[in-house]
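Contents: one structure, followed by commentary.
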Protein chains: 2
Amino acid sequence: MPRHRKPTLNDIARESGSSIATVSRAMSQPELLQPQTLERIREVAARLGYVPNRRARALASGNSETIGVVVPTLNSPIFSSTLQEMQRSFAANGFQLLIASHEYDPASETAALAQLISHGVDGLVVVGAQRPQSSWALLEAAQVPLIQIWEGRSEHDRITVDNYQAGYLVARYLIDIGHRKFGVICGHLLNNDRQSARVEGIRAALEKEDLRLARTQISEQPLTISAGRAGCMTLLEMLPRPTAIIGTADLLAIGAMFEAQGRGIVVPDALSIAGIDNVDVAAHLSPSLTTVDIPAANIGAEAAALMLRRVRQGDTKPGTSISLPVTLVVRHSTARPSD
Amino acid sequence: MPRHRKPTLNDIARESGSSIATVSRAMSQPELLQPQTLERIREVAARLGYVPNRRARALASGNSETIGVVVPTLNSPIFSSTLQEMQRSFAANGFQLLIASHEYDPASETAALAQLISHGVDGLVVVGAQRPQSSWALLEAAQVPLIQIWEGRSEHDRITVDNYQAGYLVARYLIDIGHRKFGVICGHLLNNDRQSARVEGIRAALEKEDLRLARTQISEQPLTISAGRAGCMTLLEMLPRPTAIIGTADLLAIGAMFEAQGRGIVVPDALSIAGIDNVDVAAHLSPSLTTVDIPAANIGAEAAALMLRRVRQGDTKPGTSISLPVTLVVRHSTARPSD
DNA sequence: CCGTCATATGTAAACGCTTTCATATTCTCG
DNA sequence: CGAGAATATGAAAGCGTTTACATATGACGG
């Protein structure tokens, strides 16, 4: 069985008796051709099983119909639903996603960006704005539409959620129902502007009531359930013991809740726990988790829509800023403090 | 600020007084050059901020250092951890991942495959073996290494887990501790060989004890927590009521457990519940979930390793089959039936 | 001191497509 | 009926690399 070389435009041209230019047009601008020519070419193309070579197309035309996305991790309920939605939108428009992750390591992110750029993506989607100058330099040099999601600087397009407000809302709510002693479990703040903003929002709400958020009231952790447990353990040793713990990501809050329950601390009677994200499982837990809804899927959809506009009409006047609303979702893991 | 065109090999050649071929070699086979020439070229390249254009490289050399992956959904704890690990391995070897998802729709999968192939990926990773003949035809025609994960036909490379065995194990365990009346909540079986295999494993274990798995004992659902609740609701109306419910994915089992608890049915005293997957949260729930551990991340790592071998040495004698072990994890959501 | 070979570099032809420009054909209308 | 416009097709020049082949240079043994 001879290993048939893949058919090219040239093969079709030869077989169909037209020129390669005509065949090319049959593929990309069929309305320019006489119906019978088009028909003849299509027939041959189908017979040969022609599949266009997008690499060549990209090289010749300058567009690759390819978008690069760099996220901290694929393995997170939040990012993956953003990605899922983004992929859906892009695919529907004939664009492919090149996805990379960096596990919160700035150097890996730089490497991933360089790779994507050298692959010739038509656009880039990145999470947040905190990255070394060298990465920004790469992005500038790439001369390619850039969209920041979750957080972002105003010089470039961004689809954000108000992380600060998310923190503020949940803290404010807990204050309103009477809490004064807080513990916060958050992700590592270095290089993570989403987490930082959430913590700052909490801090602002507290300070408005002349409450402080001390270093010891904060436990920085990886963004996992186990880490949430660990963080909870630490905070419970605080004196006076907090009456409310906020996890700046649901996974952390969920972990904290499990840990508390494991120690026989009744949630919310003896300890209120709240999160941010509103992941699927939050509504189902017992008690169900009070949290702040973050429209993760929407971020993906909006980012894709904006990117498509940017890529199609190079009408690029960047700096569009879309901020999606976050909303407090009060459930049953929070209650008035008992004391 | 003039929009500087990106520098090319040609620019470097001109600036450095060498030929374009020499510059090309400086990039890809530096050992062939005289040290001083190399030095001179590197200096110019650095000064101009040269970034190689992989599209052109791919076109000329035939390799794109790009791997296509098609999964049912990105938004699943299982697939996303496989992807995460796969991406890590590939990135470490200079390969980029083109990721597409199809939401369990065969036509979308075909479209995605066609896209990836036309993008000229060096290899393809797909989930399972169940797809229309037309998709298989595409894959054959692509002339590119193919690796199937989770399930797969023997004609092609595959990294699998024994889904059948996973189902068998959990059912066998429940039988051993005395259960006879079962309910099963599973994903849609059409076009999903992973889910089908798990159900068949359960059926086999039951039939070995002369128990049947009737149509009415099975509830097909989407793979979400809410769907698990719905499935549980249905099964609880069965007469006689099952003493054990198996979710063929942890999300389903977790949903079922929430539903049961919401109705005041104590797990495991009045109802045993078990899953398959061993997702993160399973260990932390109360009661913790009995399940079968599936090494999702490992699948990603093994798939990447095998693919790298295939792509590097075209030593392609496909048909490698690696089956990763699944292990029963007994926790506290299962117990002897009370009656 | 010449032929032979290894080494370093250059030349030019691909790779498969898009796109500009030119050419051939047909249509329109005064 | 013929000038000019509109339409359909073709020829050929890229796009930025890689790579087979050619050439130039110097080393070396006889």
Side-chain angles (χ1 to χ4, degrees), chain A residues 4-42 44-45 48-66 94 117-122 142-144, chain B residues 4-42 44-45 48-66 94 117-122 142-144:
Chain A
H4 287 301
R5 198 176 42 84
K6 285 211 206 140
T8 72
L9 283 192
N10 235 316
D11 300 327
I12 300 182
R14 200 176 336 103
E15 289 274 319
S16 70
S18 333
S19 79
I20 177 178
T22 305
V23 179
S24 168
R25 283 190 273 259
M27 301 300 153
S28 39
Q29 312 168 61
E31 69 280 6
L32 292 185
L33 299 198
Q34 211 149 326
Q36 69 199 50
T37 317
L38 184 57
E39 176 54 30
R40 187 161 32 89
I41 292 178
R42 288 211 164 138
V44 176
L48 265 45
Y50 173 73
V51 179
N53 179 330
R54 299 179 90 122
R55 301 205 286 233
R57 193 199 293 251
L59 182 56
S61 73
N63 299 118
S64 61
E65 312 232 295
T66 263
I117 291 169
S118 116
H119 265 292
V121 294
D122 288 347
Q143 305 274 28
V144 125
Chain B
H4 287 301
R5 198 177 43 82
K6 285 213 204 137
T8 72
L9 284 191
N10 234 316
D11 300 326
I12 300 182
R14 199 175 336 100
E15 289 274 319
S16 70
S18 333
S19 80
I20 179 176
T22 305
V23 178
S24 169
R25 284 189 272 259
M27 300 300 153
S28 39
Q29 311 168 59
E31 69 282 5
L32 291 185
L33 299 199
Q34 212 149 328
Q36 68 199 52
T37 317
L38 183 57
E39 176 54 30
R40 185 160 33 90
I41 292 178
R42 288 213 164 134
V44 176
L48 265 47
Y50 172 75
V51 179
N53 179 330
R54 300 178 90 120
R55 300 205 288 232
R57 194 200 293 253
L59 182 57
S61 73
N63 300 119
S64 61
E65 313 234 292
T66 263
I117 290 169
S118 114
H119 265 292
V121 294
D122 288 346
Q143 304 274 30
V144 126

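The structure displayed is predicted, hence computed values, not measured ones. Computed over heavy atoms, backbone and side chain alike; hydrogens, waters and symmetry mates excluded. Chain naming here is simple, since letters A, B, ... match the order of the sequence lines and numbering starts at 1 in each.
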Per the end-axis method with five pairs at each terminus, what is the bend angle of the helix from dC1(C)-dG30(D) to dG30(C)-dC1(D), to 10°? 40°
State, with a plain yes or no, whether a side-chain heavy atom of Arg40(A) is found less than 4.5 Å away from one of Ser18(A). yes
Hey, does Ser61(B) reach any base, or is it just sugar-phosphate, or nothing, if we go heavy atoms under 4.0 Å? sugar-phosphate
Rounding to 0.5 Å, atoms CD (Glu39(B)) and CZ (Arg42(B)) come to a distance of 8.0 Å
Euclidean distance, Met27(A) CE relative to Thr22(A) OG1, rounded to 0.5 Å: 11.0 Å
Go through Val44(B) and Tyr50(B) one step at a time and tell me if the side chain to side chain contact (heavy atoms under 4.5 Å, CB included) criterion holds. CA-CA 9 Å; Val44(B) 176; Tyr50(B) 172 75; over 6 Å; no
Nearest-nucleotide comparison on DNA chain C, the residue closer to the 5′ end among Ser19(B) and Ala60(B): Ser19(B)
Please identify the 5'-most and 3'-most nucleotides of DNA chain D with any atom under 4.0 angstrom from a heavy atom of chain B. dG16(D) to dA20(D)
Distance (rounded to the nearest 0.5 Å) between Lys6(B) NZ and Ser118(A) OG: 8.5 Å
Sugar-phosphate, base or nothing in reach of Leu33(A), heavy atoms under 4.0 Å: sugar-phosphate
Once you apply a heavy-atom cut-off of 4.0 Å, does Arg25(A) come out as touching a base, just sugar-phosphate, or nothing? base
Going 5' to 3' along DNA chain C, between which two nucleotides do contacts with chain B fall, using a heavy-atom cut-off of 4.0 Å? dA8(C) to dG16(C)
Base, sugar-phosphate alone, or nothing: which one does Gly120(B) contact when heavy atoms must sit under 4.0 Å apart? nothing
For Leu9(B) and Ala21(A), find the nucleotide of DNA chain D closest to each by heavy atoms; which residue's nucleotide sits nearer the 5' end? Ala21(A)
So Leu32(B), base contact, sugar-phosphate only, or nothing? Heavy-atom distance under 4.0 Å. sugar-phosphate
Mind checking the OG-CD1 spacing from Ser24(A) to Ile12(A)? Nearest 0.5 Å is all I need. 10.5 Å
When every non-hydrogen atom of Leu48(B) is compared with those of Pro7(B), the smallest separation belongs to O-CG, 3.4 Å
Mind checking the OG1-NE2 spacing from Thr66(B) to His119(A)? Nearest 0.5 Å is all I need. 4.0 Å
Looking only at atom types and distance, does a side-chain atom of Asn53(A) sit under 3.5 Å from a main-chain N or O of Arg55(A), one as donor and one as acceptor? yes
Indicate whether the side chain of Asp122(B) and that of Ser64(B) have a donor and an acceptor atom separated by less than 3.5 Å. yes
To the nearest 0.5 Å, how far apart are OG in Ser19(B) and CZ in Arg25(B)? 6.5 Å
